[in-house]
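Proteins get letters first, then strands, A, B, ... in listed order; numbering begins at 1 in each.
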Amino acid sequence: MRFSKLFIPTLREEPADAESISHILMLRAGYIRQLAAGLYIYLPLFQKVLNRINAVIRQEMDAIGAQEIVMPALHPAEIWQQTGRWDTIGDEMFRLKDRGHRDMCLGMTHEEIVTWLASREIRSYRDLPQVWYQLQTKMRDEARPKSGVLRTREFMMKDSYSFDVSEDALDRNYKLHAEAYHRIFERCGLQFMQVESDPGMMGGAISHEFMAPSPSGEDDVALCESCGYAANVELARSIPHKKETKIRDPEEVHTPEKRTVEEVSRFLKLSSSDFIKSLLMISDDGPVLALIRGDQALHEKKLSKKIGNHRPAHKEEVKDILGVEAGFIGPLGQKIRMIADECLKEGVYVCGANKQHYHMSGIAAERDFTPEWHDIHVAQEGDLCVNCNAGLTVRRVIEIGNIFKLGTKYSEPLKAYFLDENGNEKPIIMGSYGIGPARIAAAAIEQNHDRDGIIWSPDIAPFHIEILPLNLNDKKTVSVAEKIYNELSESGIDVLIDDREVRAGVKFKDADLIGIPTQVIIGEKNLKNGLVEVKDRKTKTSATIAIEEVTERLKSG
RNA sequence: CGGGGCGUAGCGCAGUCUGGCUAGCGCACCUGCCUUGGGAGCAGGGGGUCGGAGGUUCAAAUCCUCUCGCCCCGACCA
């Protein structure tokens, strides 16, 4: 295509509203424009990238026997009410009424709809398995859209759903999806990993996420290099590294006005890991004292699994319930429920003495207090792997895909049943699987760029080759450029030719910015020797090649 | 939803504290000349409800009140 005919509004300066690299570059290179918070217009170049990514996705989904369908983005409330999610999902769901005052919503996902379809059409085990997928817009009223295309309120998703007769059959589809996802992300040129994840509101028992490492991500994963354990820190288990302590026998120590772990540890010249942090939580069943080591953070989700809904107690509540100010509370002599992190089983610690301006040192669990034991800390860099005891690393990542084993969470309430070979009615066993194409593109940019702009991998680049005729007033330049352009185009290669009447510098800058993998530079000096220059965007290395040979060389890659 | 920042030409910004004359700069844009291997140069030109509403004042981009929007941190997040 011709640059002069394509809408590629590049920006010389960095947009003020963008912070993450992919956001800045997509705006500067003329790929997207923002309409409102979390809403973007995809310009021609970005649409071409998405088409490429979606083509890869379709190929790999088709290859595992998935069938493409399209479901509405606008849903009647009834179906969501049947699964209960109409009520459990809050402001994140866009809700509206139609002219007949019926409640409707914009689909944030399609489990309900696809299960409704299955419930009407699937009768027999002979109809199974089925795998249906779509590329469809999702709407979520995100509390905080951010980082350009990474977190938006309206976005395309490839979502697929598997329907099986048994858990074993589900396992097969789950595995097929995992393998297909690996191929998709590899073909898109991404660095990525598969990690265990928290099923969250999707329900179901097992789920994994596909993560692309990037500082612009919103999730953290814990990784064990030695055994391969990889999990979202939302559920990652770990063993905090042990520390020798100098503390011995129980002893009351005066700690005037020292309330936080930091304050007391500095005052007593001890490490924060020598402390027990006591946090009073109010659960639906009453107060609970959560105990974690001073250098660790409480994991709210892990705690929720033990005590249900809870919130931190207010300052006044701490005084009312425990009789002492929050800075000096501890597990000794408590009658309320106590849940301690497992790493406190061993060692001797300092904790609040339940007495204003005093702490207790030399405290050991089981001897001095008896809590319930659970893993309730957030896994940190340097913790040890629960499987092999090696050190864990924690990395920031972008979630680019996920796979869930749903089981019967949706088939039961929506009555998606089938008759098995014995004539017994059973709920269909389901799985659901998502990929965000725009996130793939953004992650690719985050992982592959330099000071000058984007560096696309050839599989998802908007064009394969960009031709830069530097001086359009030179007839030879134009004729050679057009000749190469025509030959490459005819052989099926997607070529962009910068035929704009602008100076060479502008063409170079824009070419580097938009990131087409290969540049063919046509300048007068080389032409005099019968040569053109072929330059690699990533390495910035170039070779001069005879005019007659260029097309063949480029065709062969 | 809590905390912070910002709204002045298409983009990036100055001016706001301390009210005052025709609201300014760079880039982009239009015309002409010139130039053509890393965002050239010269000359001329167009473009503004200063986010919006109300108020104070002889006078408001500037002060006050309300409101809308956008970004960042946190909470939240199929």
Integer-rounded Å distance: [N] [atom2] and [X] [atom1]:
X: A:Glu13; N: B:rC27; atom1: CD; atom2: C1'; value: 6 Å
X: A:Glu142; N: B:rC70; atom1: CD; atom2: P; value: 14 Å
X: A:His23; N: B:rC71; atom1: NE2; atom2: P; value: 7 Å
X: A:Leu11; N: B:rA28; atom1: CG; atom2: P; value: 12 Å
X: A:Arg500; N: B:rA28; atom1: CZ; atom2: P; value: 13 Å
X: A:Leu35; N: B:rG69; atom1: CG; atom2: P; value: 13 Å
X: A:Asp510; N: B:rG37; atom1: CG; atom2: C1'; value: 15 Å
X: A:Asp452; N: B:rG37; atom1: CG; atom2: P; value: 19 Å

For [X], report the nucleic acid contact type (base, sugar-phosphate, nothing); a contact means any heavy atom under 4.0 Å.
X: A:Asp91; answer: nothing
X: A:Gly90; answer: nothing
X: A:Ala36; answer: sugar-phosphate
X: A:Arg28; answer: base
X: A:Lys138; answer: nothing
X: A:Asp159; answer: nothing
X: A:Thr83; answer: nothing

Mapping A:Ala37 and A:Glu533 onto RNA chain B by nearest heavy atom, which one lands closer to the 5' end?
->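 This one resolves to A:Glu533.
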
Relative to the 5' end of RNA chain B, which residue comes earlier, A:Asp17 or A:Glu234, by the nucleotide with the nearest heavy atom?
->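 Looking at RNA chain B, the more 5' nearest nucleotide goes with A:Asp17.
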
On a plain distance test, is the side chain of A:Asn471 in donor-acceptor contact with the base of B:rG37 below 3.5 Å?
->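 Answer no: no donor N or O sits under 3.5 Å from an acceptor.
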
State whether [X] places a side-chain N or O below 4.0 Å from either non-bridging phosphate oxygen (OP1 or OP2) of [N].
X: A:Arg144; N: B:rC73; result: yes
X: A:Arg12; N: B:rA28; result: yes
X: A:Lys535; N: B:rG37; result: no

Pair assignment for [N], Watson-Crick or G-U wobble, requiring both distances under 3.5 Å:
N: B:rU22; result: none
N: B:rG41; result: B:rC33
N: B:rU49; result: none
N: B:rC70; result: B:rG5
N: B:rA14; result: none
N: B:rC76; result: none

Within a strict 4.5 Å, meaning less than it, do heavy atoms of the A:Gln134 and A:Asp159 side chains meet?
->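 Yes, side chains in contact.
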
Are side-chain heavy atoms of A:Leu303 and A:His310 found at a separation under 4.5 Å?
->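 A side-chain contact under 4.5 Å exists here.
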
Is any side-chain N of the basic residue among [X] and [Y] closer than 4.0 Å to the acidic one's carboxylate O?
X: A:Glu524; Y: A:Lys528; answer: no
X: A:Arg395; Y: A:Asp220; answer: no
X: A:Asp512; Y: A:Lys540; answer: yes

Please determine, for the side chain of A:Lys146, which listed nucleotide (B:rG37, B:rG39, B:rC73) has the closest atom?
->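 Closest of the options to the side chain of A:Lys146: B:rC73.
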
Are the aromatic rings of A:His177 and A:Phe210 close, with centres under 6.0 Å apart?
->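 No, the ring centres sit 6.0 Å or more apart.
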
Cut-off 3.5 Å, side chains only: do A:Thr137 and A:Glu154 have a donor facing an acceptor?
->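 A:Glu154 and A:Thr137 do not have a side-chain donor-acceptor pair below 3.5 Å.
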
